[in-house]
Amino acid sequence: MGPFEYFEPETVEITLSLLRKYSDTAKVCAGGTDLVVRMRKRALNPQFLICIAGIRELDYLGFEDERGLRIGCLTTIRTIERSPELKERYPMLSEVATRFGSIAIRNVATIGGNLCNALPSADMAPMLIALSAKAKLVSIDGERIVPLQDFFTGPGKTVLRADELLVEVQVPTPPPHTSGVYQKYTTRGGEELAVVGVAAVVTRGSRNESCTDVRIVLGTVVPAPMRAEKAEAILKGKIVDDEIVEKASDIAADESRPRDSIRGSADYRREMVRVLTRDALRQAFERTQSAR
Amino acid sequence: MPCEEVTYMKQRLELKVNGQTYEVLVDPWQSLADVLREELGFTGVKVSCNSGNCGSCTVLLDGKAVKSCIMFAPLAKGKEILTIEGLATESGLHPLQEAFIEHFAVQCGYCTPGMILMAKALLDENLDATEDEIREGLVGNLCRCTGYVKIVEAIMAAKEKMKVTSSH
Amino acid sequence: MAGHSVVGKSIIRLDALDKVTGKAKYCEDLKLPGMLYGKVLRSPYPHAHITSIDTSRAENISGVRAVITGRDVPEKRYGPSVFDQHTLARRVVRYVGDPVAAVAADSVEVAERALGLLKVEYEKLPAIFDIEEAWEKNPPVIVHRDLPKYELGKFPPLRLVPDRPNVCHLRMLRHGDVERGFKEADLIVENKFTTTRIQHCPFEPHGSIAQAESDGSLTIWAGRQSIFLARQYLCKLFDLLPSQVRVIASHYIGGGFGSKVTLYTEPIGVMLSMKTGRPVKLTFSREEMFSSGGTRIPFVIRIRDGVKKDGTLVARDMEMLLGMGAYAGSGPLITRNCIYGAVATYRIPNAKIDAYAVYTNEPPVTSFRGFGSSQVLWAIESQMDVIAEELGLDAVELRRKNLLEEGDTNITGEIVHSIGIRECLDKVAESLEGSPKSKMEGGPWRRGKGLALGNKYSMAPTAAVAIVKVKGDGTIEVHESADEIGQGCHTVLAQIAAEEFGVSVDEVKMVWGDTAFTPYFSRGSTSQRTTFNVGNAIRLACQDAKRQIFEIAAEKVHAQIQDMDIKDGAIYVRSDPSQRISVTELFTSERALSPGEFGDYVEPSAEILGKGVWVTRPAPSDPETAQIPENVARMGGRLAGFFGYGVQGVEVLVNIETGEVKVEKVVAASDVGYPLNPKMCEQQIEGGVAMGIGSALWEEVALDKGKVVNPNFGNYKIVTSINMPKIENVKVFLVSAPHKEGPYGAKGTGETQMTPTAPAVANAIYNAVGVRIKDLPITRERVFRVLREKAGG
């Protein structure tokens, strides 16, 4: 690895000016769990490394009535997993965190790093998109808020400019009677990247069994996490039964665009999208019965 | 293509390992595992995959398990680093060390330091961990020799011992 | 066993304390003054001519001390059997990962940077990957055009097949009349099975430190199996005498499983040290372990069995192709020995086996726990269940009916001795009795159970020497050359010495691992031979030392030598134990010390040095038929040292929607001859089961046109803590069919343990969901596809 020049800015402002100065010759390091591996393989060769781990003001998890949940980019996945308040208000997010890597990885890996690396298999993105989360991006010139749904543009690619830093993830408070489930399929189990990831968030009408809103987001089997909008469309406003769930799952499988890879052939992965979408929807609907 | 002529400055880094403070000069691209092993001689930190998959390099930072092969060394600044060398105290071995010996949880020994430290982090957090929770907690620590049977047995046994100690 | 006080007990491992405190030192932990770090540039092509190499830019980096290429290495080739490999490729590269150049530098980082500046031009050549295609008579690519001109090693004697130019060895077995056997059969079952490449994944990667000494000799510190084999190979390669090569085993070795027998890092390290005059450490990265560190040899097996209606086997015909990759390595020896996997379990009147060692342009293979037996048994034990199903017989009964017994003749003519497999089978079958053969579970899950039989020989010839020094303080110091690769050999060996001297293991000190100082052990800790061979050598050495002690003591206490015995550091007269003298009292010092101080000197020989030599010799066998002459067999002539046996049964859950397989329960019984340390036998069994489950369900070094595409633990999946059944669902039984030559009846057991696992899993999957997977590994996707084909989808 290396050589590169190393910076440890103490504030966001200094970070942003370094980013402006070095632009795409620099790389930001948060926890580094993914970055170190890619740099060691020389898949990434930055000339400047900007380590922001010391900027503690970026490590927070807070709740506001209007904006809902706010997660600082340096918040670790382990913090998300274990926050009692998050477990209470966003159980689907804590649950995703438990499926992420292993404890020793979750202790270091950050939400910002996971999103900015933009691996198609990243675990946090599908559920956050399904929850209509937004990312706050800042540069010397100011800030902008981007829906996470529009954040990813391809494997390893995002709308983040070279002089920008993702500083916060904002997740609106889910409407009443909403629950979400993340289904992750791997080839063995254990600390593994997803072969297929499906997040489903479902909102049920307050007095009836119909589905007033649904979001299905596919991970890994698409170049960038993507909503299965056709599948969502046939569920919306419907009374949910096995038949319609099966139908939606078939459509989601059609919407996925898996490629052949060492972790599974495209055909197989498409089939797994069907099974996982079905299971995610079923469980999510079941949980709406008890969701507040 | 890296530039051949440019020389890069080493960084001065202060690390607190097993209760002692060390000052080292490191290249910024050195991992924590590399610095602990090569610069400070804590060779109980084992590097096996060097890609964060196997957990042999697990050390504790302020009591939290991390994989030191995929962490830039400066990230450990200001934290209490515990390696396997610092686990036993003057009063003797840690209950996990004793249990790993007594329950034959050790074979080639390469995964052992990381495995014990991971187990310590798990039990320090939850002394009531079930077998399933222990197994789930160990998924990032691979072992090629044992099949985990005796490792899990040892951790379950150490847990009981630690319960007794902590209730005193 | 009655009367033993140290062997047969689960003595705490002597290495455990060092290993739980981080004090244990491995090769990777060693640093020598002035040491440089080596790194290797490898071929990106599976087959190519090297047209030019420009090293100038790399040489100019500060911190680079040497760059070597094929021009710098010996013209002669090396290898364990076929001399087909250059230290660095000179003109041709034959696999993705073939070493092309190497750098020694002040740090690993600098060495790696220098590799990036080496400019190599290649002219690509057509390559061949498919084993069956490479085996053909007119293959499109010949991997070694000069094979007929290559020098061949003496062991095993090789049989080239002139019209199959990619074959470097053909091994044949002929027993009875196989065609007549098939004529007598009521049913003939034929199937094709394959196994894939798996990697050993020892947690310590291959590594060594090489020092070219100023007198032309070499000193090597190595984390490897078999220091004497390394010495032999290095002598051959560098034209040195054994006395000029010293190989020192690092104290502990982070796992072997067969992978550390081959020379991977040593020759290149030596070349770099010769050029720099400094010690050079060369360690493989995990990626290199997968691309160039050796894998298990993949097999293509056609098996054709003839059986009677009642299940009696009457004929077996096997044709096996072994894909060695680009260099033969231990491929020919595996080809020779793999047939033993088909020899040891069943009574078969008529048998024919042909095994071919085939070159391809894939990475070279090496020895792997099981050494061919696992692959052969994958076919046989899957096939036994197929036969049982077709005959409508119970799979356990079918096996019972055909089992070899003590005193039977196996298909090489060897008379069977020390076979505990029936008891193993009974134990496993009984333990699984309560489990349903197949059962619907909730949702998509189906349950099934299955079992399989395993065996593994221990190779002969083997020569092991031990020296036992009795010290003035009463310590028994044992010198031998077994490799501590994690199996805990020195604990068991210390138990043997302690037993012989009637002391506890605390009084025994083990010294091992230096060709200059510790005695010969021909092929080191490979082929589960250590306990049997070194154990016997130690027993003999102890007896030799005791004889010397008794001679001295007898004179002092005025007794007859044959009446003397020793226990707890005192020599006594059996008929009158009050007549005794302590070992310490035999020693004095040249300057008389005060009473009670330890002396170093004993009259008349100065030291008590016992020596023990144990040689296991194989019986000669006919190269055309692998048959042992009848008269030799009758005199006890054997193929190998011994056979270890194991039977394993598993219960699995299979998800019919995803193909996922979970192993819920494992029952393993193993005939270890005599368990010298029962807990350590369990360690081997549990570890073998885990590796077996990994090989059954996930493990595969995936290749795309010869290039490894999953060279890391993220994508190469070994078993994790959640893939093993819970503690209460892992049952281990130790069975003792004592071997007449084994120390206290013991046999080795490390390799036997993964031989039955994969077919047991496949048989259980069949019982759960009715599909027979014939190719390893049984991935989720594979199960899914076969289920879908079966459903006609």
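Side chains are part of it too, since the values below use all heavy atoms of this structure and drop only hydrogens, waters and symmetry mates. Order of the sequence lines fixes the chain letters, A, B, ..., with proteins taken first and strands second; residue numbering starts at 1 for each chain.
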A.B. asks: For B/Leu93, is it the side chain, the backbone, both or neither that has a heavy atom under 4.5 Å from a heavy atom of chain C?
C.D. replies: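 The side chain, not the backbone.
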
A.B. asks: In terms of heavy-atom proximity below 4.5 Å to chain C, should B/Tyr148 be classed as side chain, backbone, both, or neither?
C.D. replies: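 Only the side chain of B/Tyr148 comes within 4.5 Å of chain C.
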
A.B. asks: Against chain B, label C/Ile12 side chain, backbone, both or neither, depending on which of its atoms sit under 4.5 Å from a heavy atom there.
C.D. replies: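 Both backbone and side chain.
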
A.B. asks: Which residue out of C/Gly694, C/Ala690, C/Gly687 racks up the most heavy-atom pairs below 4.5 Å with chain B?
C.D. replies: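 Of C/Gly694, C/Ala690, C/Gly687, C/Gly687 has the most heavy-atom pairs under 4.5 Å with chain B.
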
A.B. asks: Between C/Thr755 and C/Gln648, is any pair of side-chain heavy atoms under 4.5 Å apart?
C.D. replies: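 The answer is no; the side chains never approach within 4.5 Å.
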
A.B. asks: Indicate whether the side chain of B/Thr146 and that of C/Gln683 have a donor and an acceptor atom separated by less than 3.5 Å.
C.D. replies: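 There is no such pair between these side chains.
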
A.B. asks: Check for a donor-acceptor pair, side chain of C/Asn677 on one end and backbone N or O of C/Ile11 on the other, with a separation under 3.5 Å.
C.D. replies: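 Checked: pair present.
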
A.B. asks: Out of B/Cys54, B/Gly44, B/Cys49, B/Pro113, which one racks up the most heavy-atom pairs below 4.5 Å with chain C?
C.D. replies: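 Winner by heavy-atom pair count: B/Cys49.
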
A.B. asks: Exactly one of C/Ile718, C/Val708, C/Val701, C/Asn710 should register a side chain to side chain contact (heavy atoms under 4.5 Å, CB included) with C/Gln199. Which one does?
C.D. replies: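 Going through C/Ile718, C/Val708, C/Val701, C/Asn710 one by one, the side chain to side chain contact (heavy atoms under 4.5 Å, CB included) with C/Gln199 is satisfied by C/Val701 alone.
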
A.B. asks: Look at B/Glu98, B/Glu153, B/Lys150 and state which one has the largest set of heavy-atom pairs under 4.5 Å with chain C.
C.D. replies: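 Of the candidates given, the most pairs with chain C belong to B/Lys150.
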
A.B. asks: Could you check which of B/Gly147, B/Gly137, B/Ser48 has the highest count of heavy-atom pairs closer than 4.5 Å to chain C?
C.D. replies: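 Top option by heavy-atom pairs under 4.5 Å: B/Ser48.
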
A.B. asks: With a 4.5 Å cut-off on heavy-atom pairs, point out which of B/Asn141, B/Val152, B/Val106 contacts chain C the most.
C.D. replies: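 Looking at each of B/Asn141, B/Val152, B/Val106 in turn, B/Val106 comes out on top.
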
A.B. asks: C/Tyr26 versus chain B, heavy atoms under 4.5 Å apart: side chain, backbone, both or neither?
C.D. replies: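 Side chain only.
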
A.B. asks: Looking only at side chains, do C/Ser670 and C/Gln753 share a donor and an acceptor under 3.5 Å apart?
C.D. replies: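 Yes, side-chain donor-acceptor contact under 3.5 Å.
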
A.B. asks: Select one option (side chain, backbone, both, neither) describing which atoms of C/Ile727 are under 4.5 Å from chain B's heavy atoms.
C.D. replies: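 Both backbone and side chain of C/Ile727 come within 4.5 Å of chain B.
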
A.B. asks: Check step by step if salt bridge (charged side-chain N to carboxylate O under 4.0 Å, His left out) holds for B/Glu80 and B/Lys16.
C.D. replies: CA-CA 5 Å; B/Glu80 298 272 350; B/Lys16 196 164 176 194; 2.9 Å; yes

A.B. asks: Counting only heavy atoms closer than 4.5 Å, note whether B/Glu38 contacts chain C via side chain, backbone, both or neither.
C.D. replies: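 Both backbone and side chain of B/Glu38 come within 4.5 Å of chain C.
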
A.B. asks: Quick check: does any side chain N or O of C/Glu204 sit under 3.5 Å from a backbone N or O of C/Cys27, one acting as donor and the other as acceptor?
C.D. replies: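 At least one qualifying donor-acceptor pair exists.
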
A.B. asks: Does some side-chain heavy atom of B/Phe42 sit less than 4.5 Å from a side-chain heavy atom of B/Ile84?
C.D. replies: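 B/Ile84 vs B/Phe42: side chains apart.
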
A.B. asks: Specify which of C/Pro202, C/Ser10, C/Cys201, C/Ser107 makes the most heavy-atom pairs with chain B at under 4.5 Å.
C.D. replies: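 The option with the most such pairs is C/Cys201.
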
A.B. asks: Using a strict 4.0 Å threshold on nitrogen-to-oxygen distance, state whether C/Arg13 and C/Asp15 make a salt bridge.
C.D. replies: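 Yes, charged N to carboxylate O under 4.0 Å.
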
A.B. asks: Which one of C/Val108, C/Val689, C/Asn712, C/Leu17 has the most heavy-atom pairs closer than 4.5 Å to chain B?
C.D. replies: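 Option with the greatest count: C/Leu17.
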
A.B. asks: Let me know if B/Ser56 has heavy atoms under 4.5 Å from chain C in its side chain, its backbone, both or neither.
C.D. replies: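 For B/Ser56, side-chain heavy atoms alone lie under 4.5 Å from chain C.
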
A.B. asks: Tell me, for B/Leu142 versus chain C, whether the close heavy atoms (under 4.5 Å) come from the side chain, the backbone, both or neither.
C.D. replies: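 Both backbone and side chain.
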
A.B. asks: Using a cut-off of under 4.5 Å on heavy-atom pairs, state which of C/Val719, C/Ile685, C/Val730 scores highest against chain B.
C.D. replies: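 Option with the greatest count: C/Val719.
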
A.B. asks: State whether a side-chain donor-acceptor pair under 3.5 Å links C/Ser291 with C/Glu287.
C.D. replies: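 The answer is no; no qualifying pair exists.
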
A.B. asks: Can you tell me which of B/Thr43, B/Asp34, B/Val139 forms the most heavy-atom pairs within a distance under 4.5 Å of chain C?
C.D. replies: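 Option with the greatest count: B/Thr43.
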
A.B. asks: Tell me, side chain or backbone of B/Glu131 under 4.5 Å from chain C's heavy atoms, or both, or neither?
C.D. replies: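 For B/Glu131, the contact with chain C is made by the side chain alone.
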
A.B. asks: Can you check whether B/Val59 reaches B/Val66 side chain to side chain, under 4.5 Å on heavy atoms?
C.D. replies: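 Yes. Closest side-chain heavy atoms under 4.5 Å.
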
A.B. asks: Is the backbone N or O of C/Val20 less than 3.5 Å from a side-chain atom of B/Gln97, with the two atoms forming a donor-acceptor pair by type?
C.D. replies: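 Yes: the side chain of B/Gln97 pairs with the backbone of C/Val20.
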
A.B. asks: Does any backbone or side-chain atom of C/Glu28 lie under 4.5 Å from a heavy atom of chain B? Answer side chain, backbone, both or neither.
C.D. replies: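 For C/Glu28, the contact with chain B is made by backbone and side chain together.
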
A.B. asks: With a 4.5 angstrom heavy-atom cut-off, could you sort out which part of C/Lys31 is near chain B: side chain, backbone, both or neither?
C.D. replies: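 It is the side chain, since no backbone atom gets that close.
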
